[in-house]
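This report concerns only the one structure given below.
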Amino acid sequence: MMIVEIIEKVRQKEQLTNEEITFFLNGYLDGTVKDYQMSAFLMAICCNGLTESEVFQFVECYLQSGKQLVFPQSDCLVDKHSTGGVGDKVTLVVAPIVASLGIPVIKMSGRGLGLTGGTIDKLESIPGYRVNLSMEEIRNQVEKIGIVVTSPTEDIVPLDKRTYALRDVTGTVSSIPLIAISIMSKKIAGGAKKFVFDMKYGEGAFLKTRQEAEQLAALMGKIALFYHCKVDFIYSDMSSPLGNAIGNRLEVLEAIDVLQGKVKGKLRKTCIEVASKMVALALKIPLEKAQEKVIKTLEDGSAYQKFTTWITTQGGDLTSLSIPCPKIPYVAKKSGKIQKIHARKIAFCAKQLGASRDSLEEQINYASGIYLCKQEQDEVQQGEVLAYLYTDKKELPQLDACFEIVQEK
Ligand code: URA
């Protein structure tokens with residue numbers, strides 16, 4: 001089989017056979033297909049898409065490239081995945097809620113690149129928290145306390161690790177079939193059979209429209225069905241940040257506030273929605289019943305208690321969550337109503353303060369970030385604090401363009 005012919009077939013929108021897909025993807029793993037050939041192949045897919053049967057064969061090859069984990073609890077495991085957004089700390093709240101109801105949670109999360117930190121970056125901002133557990137440690141911890149959140153083990157879909165790194169630098173991330181293959185293969189390999197996906201769309205997410213989010217969800221749903229998995233979806237608008245905190249440790253502190261019942265609003269609502277869907281799937285109960293159970297764990301403190309057990313068991317020190325950076329107020333230049341807080345622009349400013357990175361080699365300053373003191377639709381007076389910036393950096397970003405304030409006539 002000729003590598004170049006396979007690339008040309010995709011370019012000409014001809015359907016690939018299973019053998020051609022397997023040959024090409026395995027060839028990439030063993031080095032016979034080079035990075036430049038894979039880049040051309042990915043770009044052709046980005047432009048011309050893949051058929052459903054091609055997508056299924058890709059997922060199969062991705063899964064075969066590593067190990068599929070099996071746990072004694074696999075049949076009742078329920079996992080969640082967010083397509084990622086600004087201020088998204090939902091996993092930190094939802095995982096202990098679900099575990100506190102006796103449903104085992106084994107979650108493998110990633111680091112963030114670009115504008116936001118990932119869940120693992122957020123957890124790593126807790127001094128001592130161990131993000132690289134071995135399979136034996138994962139099994140022991142879930143047996144003992146019913147919850148683990150860790151980085152993926154080395155053998156989880158190695159083909160995705162390599163292709164994702166290449167997509168990141170070749171402008172080929174935003175392809176719906178490639179995203180569906182990448183997400184679903186990792187989720188299926190992680191050992192659960194039931195998943196709730198939080199599909200973020202809007203300027204602060206990589207899916208810009210609800211329509212794109214729905215297209216991706218539809219394809220992910222088909223892959224799930226093919227692998228006898230159950231899925232549910234929520235759709236959330238990411239044109240403004242989720243919650244008040246943007247930055248890793250600040251987000252952990254905000255998640256704790258939600259678990260302690262100190263925060264209401266959109267963040268709490270999203271956490272309840274995701275957790276309720278997970279509980280409904282896991283326990284096979286109606287959504288309203290699941291929601292009652294979820295809210296009770298927040299009100300009676302059991303979710304927070306599970307959180308502290310989880311973090312301390314995994315080595316984290318919850319008494320060391322101070323923010324040592326200088327706290328710099330950013331004040332409103334005029335009075336009026338806040339019409340919009342732009343997620344993408346805020347995330348860009350938080351990144352300039354050190355809260356996220358472009359490559360895994362760059363260091364994050366875990367304590368840096370932005371804390372919003374106001375939300376959309378709030379009234380603000382000139383000179384009032386809109387946000388606090390936490391950073392050691394001397395050069396500060398301008399936040400003016402992040403807030404749209406409309407003066408009342
Ligand atoms: N997240 C993933 O895991 N894969 C993608 O392709 C895009 C986002």
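When a ligand or atom number is given, it counts from 1 through the structure's own listing order. The structure presented is a predicted model; accordingly, all values stated were derived computationally and were not measured. Numbers for residues simply follow the sequence, beginning at 1.
In summary, the atoms of ligand 1 found under 4.0 Å from a heavy atom of Y164, numbered by their order in the structure, are 4 (N), 5 (C), 6 (O), 7 (C), 8 (C). Within ligand 1, the atoms closer than 4.0 Å to a non-hydrogen atom of F206 are 7 (C), 8 (C), numbered from 1 in the order shown.
A donor and an acceptor atom, one from each side chain of T83 and Y201, are nowhere located under 3.5 Å apart.
For R357 and D121, the salt-bridge test passes: some basic side-chain N is under 4.0 Å from an acidic carboxylate O. Look at D378 and K337 and you find no salt bridge, because none of the NZ, NE, NH1 or NH2 atoms lies under 4.0 Å from a carboxylate O.
For K186 and Y164, the positive end sits near the middle of the six-membered ring, less than 6.0 Å away and at most 45° from its axis.
Polar contact check, S182 against ligand 1: a nitrogen or oxygen pair lies under 3.5 Å apart. In terms of polar-atom proximity, defined here as any N/O pair under 3.5 Å, K186 does make such a contact with ligand 1.
By the 4.0 Å heavy-atom criterion, R167 is counted among the residues contacting ligand 1.
The single protein non-hydrogen atom nearest to atom 1 (N) of ligand 1 is I183 CG1, 4.1 Å, given as residue, atom name and distance.
Aromatic ring centroids of F41 and F24 lie under 6.0 Å apart.
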